[in-house]
Chemist: 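Take this structure, written in structure tokens, and hold onto it; I'll ask about it next.
Side-chain atoms are counted along with the backbone in the values below, which use heavy atoms only and exclude waters and symmetry mates. Chain A is the first sequence line, chain B the second, and so forth, proteins listed ahead of strands; every chain is numbered from 1.
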Amino acid sequence: MSNKETEILDEKPIDFIRAKIKEDIANNKNEGRVHTRFPPEPNGYLHIGHSKSINLNFSLAKEFGGKCNLRFDDTNPSKEEVEYVDSIKRDIKWLGFDWADREYYASDYFDEIFEYAVILIKKGKAYVDSSSMEEIKTSRGMPTSPGVESPFRNRSVQENLDLFERMKNGEFKDGEHVLRAKIDMSSPNMNMRDPVLYRIKNESHHRTGDKWCIYPMYDMAHGQSDSIERITHSICTLEFENHRPLYDWLIKEIEIFPPQQIEFARLNISYTMMSKRKLLLLVQEGIVDGWDDPRMPTLSGMRRAGYTPEAINSFAEGVGVAKRNALVDVAKLEHSLRDHLNKITDRRMAVLNPLKVTITNYPGDQTEELEAINNPEDETAGIRKLPFCSELFIDRDDFMEDPPKKYFRLSPGNEVRLKYAYFIKCEEVLKNDSGEVIELKCTYDPETKSGTGTSTRKVKSTIHWVSARHAFDAEVRLYDRLFSVEDPASTKDGKDFRDVLNPNSLEILSACKLEPSLQEAKSEDKFQFERLGYFCVDSKYSSQGKPVFNRTVTLRDTWARINKK
RNA sequence: UGGCCGAUAGUAUAAUGGUAGUACAUCGGGUUUUGGUCCCGUCAGUGGGGGUUCAAAUCCUCCUCGGCCAGCCA
């Protein structure tokens, strides 16, 4: 390969954040140090949108020889719970990222942050406002018109210090006072109109218990926590862009280490939504079966559905990083998923909607063992034995009594291959009184045994099957997208996301016939059911010897597309 | 009638004044004991008007469109 070609191959596209970091390193900013953090609020489960941020922050640290902290932004005790902390840690680990011993909490810094507030008060840059919430709201003005200053704005430093101390000591009820920054009530940036820094909440905190009854707002805690941790690049989403001037103002006035905030567009995916608040509603209203329902875009839901961390990370890296609001096609996610699952999963035979087939010329009492390849993409996966006899099940989709032109599967008089077995031909169709097909009588050709190469005849289709005498019954759950519209979070005409649910997002099949080897499958084991899709043993409803399978994603289905037209 | 940010094929993302490229999707073909995978091909783009320049997706300007901001949420 020539030098030029090598260069081209090495030229991975660089996003604007990496470009900025490279520049900072070149300028020896922070002595060339790179330190990031992933800062979730423990008020819900992590979702696929977070995986972009997790991947970005941890990858950045790795690529530039730095570190990435895990920090919980737990400044609002009314919404945060230990359950969420635990799930978040589990999900990040599952994705494969490691914060080593750097597990931090904004609540660990409450003492420092309190002192920062005192510094601001002493500098005359913050004051205690005793206005009501309503008064503060009104006096803030509108984005297009300036606000007015609070009557409490010019309290003396001494009075502010005293009041703030008494706020801390629990002398007041919720809402009686707040601490505000003294900046500019006429600023065109609403965040600079004397933002609230501290509020009184007589509530227990999941970590600090009853130590505090005042809690810093996000704006008073986030940048300060970054600073304490010596974060060099504070990566966040676009909606915090308007907060950056305040972030910088506070850091400057408190005179502490200045991290650089950089904003990028959050991930949106078609046919789903990322709002934690709305996802919580789905859970609370019982629309889904918990945060880990396989239809949820949460990492725990996706894990239960059968997603792999590799698939999610490769997707997260593939969507790119930019500042434009984007809606990524869910097909891209599914592509990453299939791509990985195709390489790693063993193939198995499973019949979802069984149709009985009797091979009339196969000895009724005979059983033979046929060889099947576990994974054509991976030779080391080996082979297994499949029992075959005269009584089989095939999928109802693989038979049509009156097929259209391009239908290659089984139909009266037509011949197909049973994968890893023989050619069979449909000779007779048995129906019940209501005209429903209940059984097929077929003949097989002993010369066409799989692998022997003794037949030169060709068939246009190979279908999957199981032995009726050896298969076991199992429940299989077919999942589809939860929503029927591209962007369920922004519906029009007074509708909301609950009005655009896909009524067919879950179909439970309780009489599926699976090949025997599947019986001992363990929780979270993944397989490709030949010709159907990828399936994963459900971690919630399976029991020993009685696995329940979740469909992770279908195979690409060219026939379904042709058929649709 | 404020401020900030953004706009490149259907979708997402590159090109940092010099041949508009990649991935997904679509469509077509080849291989195939999965209508899968794999391989090959196809389709298709710089929001609009002015300006600077030998040369503009890129710089300037005006416009249009979209997002965010009026929590004691994050």
Chemist: Which letter, B, S or -, goes with each nucleotide of nucleotides 36-47 of chain B from 5' to 3', with contact meaning a protein heavy atom under 4.0 Å?
Modeler: BS----------
Chemist: A:Asn202 has an atom CG; how far is it from atom P of B:C72, in whole Å?
Modeler: 18 Å
Chemist: For this output row, return yes or no: ring centroids of A:His205 and A:Phe110 closer than 6.0 angstrom.
Modeler: yes
Chemist: Can you check the A:Ile88 CD1 to B:A74 C1' distance for me, whole Å?
Modeler: 12 Å
Chemist: Do NZ/NE/NH1/NH2 and the carboxylate oxygens of A:Asp557 and A:Arg561 come within less than 4.0 Å?
Modeler: no
Chemist: What's the closest nucleotide to the A:Asp329 side chain, out of B:C72, B:A12, B:U11?
Modeler: B:U11
Chemist: Taking NZ, NE, NH1 and NH2 as the nitrogens, is one of them in A:Asp194 or A:Arg153 under 4.0 Å from a carboxylate oxygen of the other?
Modeler: yes
Chemist: Please check if the distance between the ring centroids of A:Tyr247 and A:Phe240 is under 6.0 Å.
Modeler: no
Chemist: Select base, sugar-phosphate, or nothing to describe what A:Glu530 touches, counting heavy atoms under 4.0 Å on all strands.
Modeler: base
Chemist: Looking only at atom C1', what distance separates B:C65 and B:G48, rounded to whole Å?
Modeler: 10 Å
Chemist: How about A:Arg347 and A:Asn374: does a side-chain donor come under 3.5 Å of a side-chain acceptor?
Modeler: no
Chemist: For B:U33, does either OP1 or OP2 sit under 4.0 Å from a side-chain N or O belonging to A:Ser461?
Modeler: no
Chemist: Using the C1' atom on both, measure B:A25 against B:A12 and round to a whole Å.
Modeler: 11 Å
Chemist: For the residue pair A:Ala316 and A:Ser51, what are the closest heavy atoms and their distance?
Modeler: CB-O, 4.0 Å
Chemist: Under a 4.0 Å threshold between the charged nitrogen and the carboxylate oxygen, would A:Arg244 count as salt-bridged to A:Asp248?
Modeler: no
Chemist: Just to be sure I understand the rule, does A:Gly175 reach a base, reach only the sugar-phosphate, or reach nothing, if contact means heavy atoms closer than 4.0 Å?
Modeler: base
Chemist: Taking side chain to side chain donor-acceptor pair (under 3.5 Å) as the test, write out the residues that go with A:His464, two or more places apart.
Modeler: A:Asp395, A:Arg531
Chemist: Take atom CG of A:Asp346 and atom C1' of B:U34, then tell me their distance rounded to the nearest Å.
Modeler: 15 Å
Chemist: Once you round it to whole Å, what is the distance between C1' of B:A74 and OH of A:Tyr45?
Modeler: 19 Å
Chemist: Would you write the dot-bracket representation of RNA chain B, where each base gets (, ), [, ], | or . depending on whether it forms a Watson-Crick or G-U pair under 3.5 Å and with which partner?
Modeler: .((((((..((((....[..))))..((((.......)))).....(((((..]....))))))))))).....
Chemist: Between A:Tyr218 and A:Asn375, which is nearer to the 5' end of RNA chain B once each is assigned its nearest nucleotide?
Modeler: A:Asn375
Chemist: Using a cut-off of 4.0 Å on non-hydrogen atoms, how would the nucleic acid contact of A:Leu418 be classed: base, sugar-phosphate, or nothing?
Modeler: nothing
Chemist: Which residue is it: A:Arg180, A:Arg199, A:Lys182? I am looking for the one with a salt bridge (Lys or Arg N to Asp or Glu O under 4.0 Å) to A:Asp129.
Modeler: A:Arg180
Chemist: What's A:Ser490 touching, base or sugar-phosphate or nothing? Going by heavy atoms closer than 4.0 Å.
Modeler: nothing
Chemist: Can you check the distance between B:G21 and B:A15, where both ends of the measurement are the C1' atom (answer in whole Å)?
Modeler: 7 Å
Chemist: Within the structure shown, what part of the strands sits under 4.0 Å from A:Val196 by heavy-atom distance: base, sugar-phosphate, or nothing?
Modeler: sugar-phosphate
Chemist: If you check every side-chain atom of A:Phe408, which of B:C5, B:G35, B:U11 has the closest atom?
Modeler: B:G35
Chemist: Before accepting this row, confirm whether a basic side-chain N of the pair A:Lys79/A:Glu41 lies closer than 4.0 Å to the acidic partner's carboxylate O.
Modeler: no
Chemist: Whole angstroms only, please: what is the CZ-P distance between A:Phe16 and B:A57?
Modeler: 23 Å
Chemist: Strictly below 4.0 Å, N to O, side chains only: are A:Asp108 and A:Arg71 in salt-bridge contact?
Modeler: no
Chemist: Using the side-chain hydrogen bond (donor to acceptor under 3.5 Å, both in side chains) rule, pick out the option among A:His50, A:Lys276, A:Glu83 that qualifies with A:Tyr45.
Modeler: A:Glu83
Chemist: Which nucleotide sits closest to the side chain of A:Ala331: B:A12, B:C72, B:C24?
Modeler: B:C24
Chemist: If I pick the P atom on B:A55 and the same atom on B:C40, what distance separates them, to the nearest angstrom?
Modeler: 40 Å
Chemist: Of all the choices, B:A25, B:A12, B:A74, which nucleotide is nearest to the side chain of A:Val319 once you look at every atom?
Modeler: B:A12
Chemist: From the options B:C24, B:G35, B:C72, select the nucleotide whose nearest atom is closest to the side chain of A:Val178.
Modeler: B:C72
Chemist: Give A:Tyr407 one of three labels, base, sugar-phosphate or nothing, depending on what nucleic acid heavy atoms sit under 4.0 Å from its own.
Modeler: base
Chemist: How close or far is atom C1' of B:U34 from atom CG of A:Leu341, stated in whole angstroms?
Modeler: 15 Å
Chemist: Would you call B:G51 syn or anti, using the 90° rule around 0?
Modeler: anti
Chemist: I need the full list of salt bridge (Lys or Arg N to Asp or Glu O under 4.0 Å) pairs touching residues 444-454 of chain A, with sequence neighbours left out, sorted by first then second residue.
Modeler: A:Glu368-A:Lys449, A:Asp445-A:Arg457
Chemist: Measure from NZ on A:Lys460 to P on B:U33 and round the result to the nearest Å.
Modeler: 14 Å
Chemist: Applying a 4.0 Å non-hydrogen cut-off, can you work out what A:Tyr215 is touching in the nucleic acid: base, sugar-phosphate, or nothing?
Modeler: nothing
Chemist: Within the structure shown, what part of the strands sits under 4.0 Å from A:Lys201 by heavy-atom distance: base, sugar-phosphate, or nothing?
Modeler: sugar-phosphate
Chemist: Atom CG of A:Asp15 to atom C1' of B:U16: distance rounded to whole Å?
Modeler: 14 Å
Chemist: Side-chain donor or acceptor of A:Arg531 under 3.5 Å from a matching atom on the base of B:G35?
Modeler: no
Chemist: When the P atoms of B:C69 and B:C63 are compared, how many Å lie between them, rounded to an integer?
Modeler: 25 Å
Chemist: Which whole number of Å gives the distance between the C1' atom of B:A7 and that of B:G47?
Modeler: 7 Å
Chemist: Would you measure the distance from the C1' atom in B:U1 across to the matching atom in B:U53 and give it in whole Å?
Modeler: 38 Å
Chemist: Please list, chain by chain and in numerical order, all residues satisfying salt bridge (Lys or Arg N to Asp or Glu O under 4.0 Å) with A:Glu239, sequence neighbours excluded.
Modeler: A:Arg266
Chemist: Kindly state whether the ring of A:Tyr444 and the ring of A:Tyr422 have centres lying under 6.0 angstrom apart.
Modeler: yes
Chemist: Might you confirm whether atom CD of A:Glu379 has over 12 heavy atoms from other residues, nucleotides or ligands at distances under 6.0 Å?
Modeler: no
Chemist: Could you check whether A:Ser131 gets within reach of a base, just the sugar-phosphate, or nothing at all, counting any heavy atom under 4.0 Å?
Modeler: base
Chemist: For each nucleotide in nucleotides 62-70 of chain B, reading 5' to 3', give B when a protein heavy atom comes within less than 4.0 Å of its base, S when such contact involves only the sugar-phosphate, and - otherwise.
Modeler: -----SBSB
Chemist: Need one value for A:Gly451: base, sugar-phosphate or nothing, where a base atom within 4.0 Å counts as base even if backbone is also close, heavy atoms only.
Modeler: base
Chemist: Answer with base, sugar-phosphate or nothing: what part of the nucleic acid does A:Arg409 contact at a heavy-atom distance below 4.0 Å?
Modeler: base
Chemist: What's A:Thr75 touching, base or sugar-phosphate or nothing? Going by heavy atoms closer than 4.0 Å.
Modeler: sugar-phosphate
Chemist: For B:U46 and B:C5, measure between their P atoms and round to the nearest Å.
Modeler: 26 Å
Chemist: Please tell me which of A:Thr462 and A:Ile14 maps to the more 5' nucleotide of RNA chain B, matching each residue to the nucleotide holding its nearest heavy atom.
Modeler: A:Ile14
Chemist: Pick base, sugar-phosphate or nothing for A:Val459, based on heavy-atom distances below 4.0 Å to the nucleic acid.
Modeler: nothing
Chemist: Can you check whether A:Arg199 has a side-chain N or O nearer than 4.0 Å to OP1 or OP2 of B:C73?
Modeler: yes
